Amino acid sequence: MPSVVGAVNINSNSGTVNFGDTLNISPKSASKTFSGSGGSNTGNVVNTINGANATNTFDPNLVDQPLVGNI
């Protein structure tokens, strides 16, 4: 169906940006990222005030995002 898209601001992109009609969107790859408190904030103006923190990187899962069947 047609849609109206308002103002768009893309600071950076390392993949595909879809606007308009789409039948199916499925991930073609998956990765895991660990970052500290406020490390993944995005935006034009970001102000983070953090104290001491630690990131727990222990992950017992073998598969978080199965990609079998995504073509």
Side-chain angles (χ1 to χ4, degrees):
M1 295 186 65
S3 63
V4 176
V5 178
V8 176
N9 182 9
I10 300 174
N11 292 329
S12 66
N13 179 32
S14 61
T16 304
V17 178
N18 292 307
F19 295 103
D21 298 341
T22 308
L23 176 64
N24 186 12
I25 299 177
S26 60
K28 304 299 184 233
S29 65
S31 63
K32 186 175 294 191
T33 303
F34 299 102
S35 61
S37 177
S40 297
N41 290 334
T42 59
N44 293 334
V45 178
V46 177
N47 183 14
T48 57
I49 301 172
N50 299 316
N53 65 74
T55 302
N56 182 8
T57 59
F58 175 71
D59 186 14
N61 297 340
L62 296 177
V63 177
D64 291 329
Q65 175 82 34
L67 299 176
V68 176
N70 290 349
I71 55 175

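A quick note: this is a predicted structure, and the numbers were derived from the prediction, not measured.
Under the side chain to side chain donor-acceptor pair (under 3.5 Å) criterion, Asn11 pairs with Asn44, not counting sequence neighbours. Under the side chain to side chain contact (heavy atoms under 4.5 Å, CB included) criterion, Thr48 pairs with Asn41, Val46, Asn50, not counting sequence neighbours. Partners of Thr57 according to the side chain to side chain contact (heavy atoms under 4.5 Å, CB included) rule, which considers only residues two or more places apart in sequence or in another chain, are Phe34, Thr55.
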